Structures are given as structure tokens and as C-alpha cells.
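Here is the structure we will look at.
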Amino acid sequence: MTRSYSIRTYGCQMNVHDSERMAGLLESAGYARAENPEAADVVVFNTCAVRENADNKLYGNLGRLRPAKTANPDMQIAVGGCLAQKDRDTITRKAPWVDVVFGTHNVGSLPTLLERARHNSEAEIEILESLEVFPSTLPARRESAYAGWVSISVGCNNTCTFCIVPALRGTERDRRPGDILAEVEALAADGVLEVTLLGQNVNAYGSEFGDRRAFAKLLRACGSVDGLERVRFTSPHPRDFTSDVIAAMAETPNVCPQLHMPLQSGSDRVLRAMRRSYRSSRFLGILEEVRASIPHAAVSTDIIVGFPGETEEDFAATLDVVREARFAQAFTFQYSQRPGTPAADLPDQLPKAVVQERYMRLVELQEQISWEENRRVEGREVEVLVSTGEGRKDGATHRMSGRARDGRLVHFAPGTAEPRPGDVVTVRIDYGAPHHLVSDGGVLTHRRTRAGDAHEAGLRPGGVPTGLGLPSFGKPAPEPVTAGCGVQS
């Protein structure tokens, strides 16, 4: 009988993208996606190691699976991703019922490791120290008929003191431009309307082969792909953000007017301690240049509160930058002490109560700014790519949801129209809330698309059944799973 699988993904978009590769590999090996994830023959955990609670979350979930494994010895449990790369043998020592542990550099080994573990009746652990096969060359089971991730690089050359990702993902490896464009073109040919370019430090793309303008060139090249309507990217580093990239954003029609750029702190002293190679004036200067070229750009960011040694004066500097930057959205994080990072050993680790109080002040300020910025959209007509799974109250409100070109979440009443996920509609915004926009006046225009056709037929790119839609930004939360690695959770 065909064995079924379920993949549970934690962390950033890079992990979501890796999970699509894992699913593609398993299906190529003859596995089928479980209709009931709780009854899957193979359960794969794709883990994140950035937040302090990542370990507890994993071992708690493994513990809850132990009775099912005891009742069904043929069931297999695999753990991959950043926490697997970090903990290695610790996982099977703490949870000896785990069958496979594999790292960030050997996603392609998953089916072989599962088969080997079944044959040998013992746990298989494979952790490579460097990337041998670029993950984007592996088969994928993409989760959306209308939007897709495209990885342009893996790893990171930065040395931010709070971040463990470079130790787990390795130094930056850049994919060949021709291979990237071939994947983008293949997605567009399948009807995908929106592509998000992924990298731990996406705008450093080209550093491996010595072309500092490679990322801007790549954005412009995406503009010539037939059928591709939206291009996004995440996340850039302020150090590498150059004027040629801003010009490419402004001059390439399908590059969306959206920018997610991590600030981390508004204090220059703290930025130095974090080894962030820019200062607040440089960050604000980039935003000024972006908004001069792209007036309606929506800018989001990451901010860490409570970095070791942060004073009230340092925190006040962060609040000042937030007031000046006018972010549409900020993903705010309480500093998480991670063993293996330089910041974990710094003196002056702040008391939890101090960090929490500052965090709440920052959230309150940003909520007010986000609300004010979204209110400015009221009365405008916006183009929305209809999505699925983004409006948790859509059933009760009889609304549908999607993303505007600037990335804002829009809940809209369809009226007499019958748009499908993957279709494109135009609506007029009636109300701006802190984390979304609302339109209750009905759809003004509705364009049916091949992506909508594919979703309606239950297909994803490649002609096989689709799952949920593209994972998306949510509202800020006190303990998101990703902080500062450059790719958003």
C-alpha cells in the first residue's frame, strides 16, 4: 500500500520552500500526502532554531507522537531543518522513537534515509556541513496554484551577534541567474501570477560570482517574463541595499511596491553590538530614497527589543526611528538568548519584565502607526490577488481575502461576483484597520485567470492537487519563530 506523509513546518519562508521540496521528493518516491495528517505513516518536522522556545516546541510535539508510534511501529518520524542541524544526536537521545534526523544541507536525502531506517530498524542521522545540491534543483510539491517561492541563494555571510542562522545554513551560495529565470518562467507558464524571490540576504545576491548589480539585473529580468504579474522579494539587508535596486523596483512594472527591510534597532550603539553594518541614518536614508521613487510603497520591518545592554535611551532611539519611518507593519521580537551566538554570552542580559514592558510600548506605537497608514488607503481602488486561507473570519463575514500589490491584506465582500483564489479583482477600500483593509462595496472589476482555473480544478503547478495558498505575513506577535535571520516568519 502507498505510504502517506505529513510535513509540519516551523519558521521562515525558506523553511516553507524547503518543505515543498521535501513533499516533492516524497511524492516522487511514491508517498502520498495524508488526507488526515494525524494518521500519516510518515511525519516530518521541518524545524526552526531561531527562537528560544523552538526546542521545547519540537520535543513537546515529539512527545505527543510517542503513543502513536508505540501503537504503530511502522510509523516513521523524521526531524529536519535548522534545529536538526544544531542538535544532531541530541534529538535521538531525547526522543529515541525518532527514525530520521537530517540537516539543512541534505534535504534531498530524506526518502533514502527513511527507507534505510525501515530496512535497518534503527535511527538514521545525516548532517552535512556544507551544501552539495542546491535545493531548488529538487522536485517540489508547491502549495499554491497562483503564487510560488523561488530561492535565489542560501546561507548568509553576515555575522550578526544575535543570529544563529549562518551557523546552520552556512555561507551564502548563489544560484545561477539562468536557473532562477528558468524556474520563474516555468511557474509563469503554469499560470502562477506571483513569485517571491527568497534569500537569507536576498539583495547580496551575486556576491559569490562577483557581480554587485546582479540582484537589480534579476529584478529587471523578471519584468520580461510573460504572464508574471507580481514579483516580491525577502529579505534585503540595509548594508547591501543600493540605488540600482531601488531603480529596478521603480522601473519594473511587475515588481510590487513593497519592501520588507529589517531595522532590528534604532540605536546606533545597539546596532554596533549586533554587528549590523549600518546606522539609523543610513536606514532612514534608504527609506527616503525608496519613497521618492515609489511613493505608495508599503514598508515593513523586524525589530528586536531587549538586546543585551539595551538602555532606556537606546530603546527611545528605536521608538524615534519607528515614528520617522512610518512602517506599514513591524514584526516585533523580544530578544531570545540562543546558545552558539555571540550575543548569548554578552553581559547585561535584561530582565524579562523590562523587555516585556518595552515590547508592549513598541507594539502600541506601531499599532497606531499601522492603523494611521492603513486609514490613508481608504477610498482608493486597489488590485487584489484573491487568496485562500488568509481570512479566518471570512466565513462569518461572507467576505473573501487577498493581497494588494503593496502586500496589504484585504478582506472584501464579493457582491455578485464569484472570484476564485488566483483571480484578480479591483475593490474600493472602505476601512483601514491596523492589520488589514476592508472593502464591503462589492467587486468593481473581476478578471478570471489561469491560476483561478487551476485552483478551481484542484490543481497546482505541474497538474497535481493543490493544498493551501501561499503563506503570508501576519500581525506582530510576541514570540514569532523567526527573529532577524532576514527571512520572515
Side-chain angles (χ1 to χ4, degrees), residues 10-12 48-57 82-83 86 156 158-168 235 237-238 260-280 283-284 300-325 327 329-370 473-489:
Y10 304 91
C12 64
C48 172
V50 173
R51 298 298 296 166
E52 194 171 13
N53 65 352
D55 308 56
N56 293 336
K57 182 180 292 186
C82 289
L83 194 61
K86 181 176 78 75
C156 183
N158 292 318
T159 58
C160 302
T161 56
F162 55 80
C163 187
I164 198 169
V165 169
L168 303 179
S235 287
H237 191 293
H260 180 81
M261 188 165 62
L263 168 66
Q264 307 304 8
S265 175
S267 163
D268 290 349
R269 191 188 70 82
V270 172
L271 288 172
R272 282 192 294 271
M274 289 179 168
R275 291 187 197 154
R276 300 287 287 180
S277 49
Y278 57 89
R279 299 297 172 256
S280 58
F283 186 94
L284 291 170
S300 56
T301 195
D302 297 337
I303 300 173
I304 297 173
V305 177
F307 187 80
E310 179 189 76
T311 65
E312 181 61 30
E313 182 180 6
D314 293 324
F315 179 66
T318 295
L319 296 181
D320 288 342
V321 173
V322 169
R323 291 186 187 97
E324 187 170 351
F327 298 114
Q329 192 172 32
F331 296 84
T332 49
F333 305 86
Q334 297 182 38
Y335 169 74
S336 182
Q337 190 174 3
R338 300 304 288 141
T341 63
D345 299 322
L346 289 176
D348 300 323
Q349 302 283 332
L350 300 186
K352 175 69 174 177
V354 172
V355 178
Q356 177 69 23
E357 190 274 336
R358 289 178 184 170
Y359 172 83
M360 295 306 297
R361 274 193 281 157
L362 174 59
V363 168
E364 182 180 9
L365 172 61
Q366 182 55 51
E367 292 264 311
Q368 183 61 39
I369 292 172
S370 295
F473 291 155
K475 78 177 197 176
E479 291 289 338
V481 291
T482 304
C485 70
V487 178
Q488 263 300 312
S489 63

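Computed from a predicted model, the values in this text were never measured in an experiment. Residue numbers count from 1 along this sequence.
Within a 6.0 Å radius of CD in Glu364, other residues, nucleotides and ligands contribute 12 heavy atoms or fewer. Within 6.0 Å of the CD atom in Glu324, the count of heavy atoms belonging to other residues, nucleotides or ligands does not exceed 12.
Residue Gln366 holds its CD atom at 15.5 Å from CZ of Arg361, rounded to the nearest 0.5 Å. To the nearest 0.5 angstrom, Thr332 atom OG1 is 15.0 Å from Arg358 atom CZ. Expressed to the nearest 0.5 Å, how far CD1 of Ile304 lies from CG of Leu263 amounts to 10.0 Å. Distance check: Cys163 SG to Arg275 CZ gives 12.0 Å after rounding to the nearest 0.5 Å. Separating the OG1 atom in Thr159 from the CE atom in Met274 is a distance of 13.0 Å, to the nearest 0.5 Å. Separation of atoms OG (Ser370) and CD (Gln329) is listed at 6.5 Å; rounding is to 0.5 Å.
The aromatic rings of His237 and Tyr278 stand perpendicular to each other, their planes meeting at an angle above 60°, with 30° marking the opposite boundary.
In this structure, Thr301 contributes its side chain and Met261 its backbone to a donor-acceptor pair below 3.5 Å. The closest donor-acceptor contact from the side chain of Ser267 to the backbone of Glu313 lies at 3.5 Å or more, if one exists at all. Proximity of a side-chain donor or acceptor of Gln356 to a complementary backbone N or O of Pro351 within less than 3.5 Å is not detected. Although no hydrogens or angles enter the test, the distance criterion places a donor-acceptor pair under 3.5 Å between the side chain of Glu310 and the main chain of Gly306. Here the side chain of Gln334 pairs no donor or acceptor atom with the backbone of Val355 at under 3.5 angstrom. Between the side chain of Ser265 and the backbone N or O of Val270, no donor-acceptor pair lies under 3.5 Å. Judged purely by atom type and a 3.5 angstrom limit, Gln337 uses its side chain to pair as donor or acceptor with the backbone of Ala344. Arg338 places a side-chain N or O within 3.5 Å of a backbone atom of Ala49 that can act as its donor or acceptor partner.
Listed here is the closest heavy atom pair of Pro308 and Ala343: CG-O, 3.8 Å. Between Gly266 and Thr318, the shortest heavy-atom contact is N-OG1, 2.9 Å. Contact detail for Pro262 and Pro238: the closest heavy-atom pair is O-CG, 3.7 Å. Nearest heavy-atom pair across Ile369 and Phe327 is CG2-O, 3.6 Å. Residue Cys156 comes nearest to Pro166 through the heavy atom pair O-CB, 3.8 Å, listed as atom of the first residue, atom of the second, then distance. Closest heavy-atom contact between Val321 and Ser280: CG2-CB, 3.9 Å.
By the salt bridge (Lys or Arg N to Asp or Glu O under 4.0 Å) test, Arg279 is found to be paired with no residue, residues two or more places apart in sequence or in another chain being considered.
In summary, of the residues considered (Tyr335, Tyr359, Phe333), a ring pair (Phe, Tyr, Trp, His ring centres under 6.0 Å) with Phe307 occurs for Tyr335 alone.
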Test Gln264 against Phe283 for side chain to side chain contact (heavy atoms under 4.5 Å, CB included), laying out the working first. CA-CA 11 Å; Gln264 307 304 8; Phe283 186 94; over 6 Å; no

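Within the 4.5 Å cutoff, side-chain heavy atoms of Leu319 are placed close to those of Leu362. Within the 4.5 Å cutoff, no side-chain heavy atoms of Phe315 are placed close to those of Glu357.
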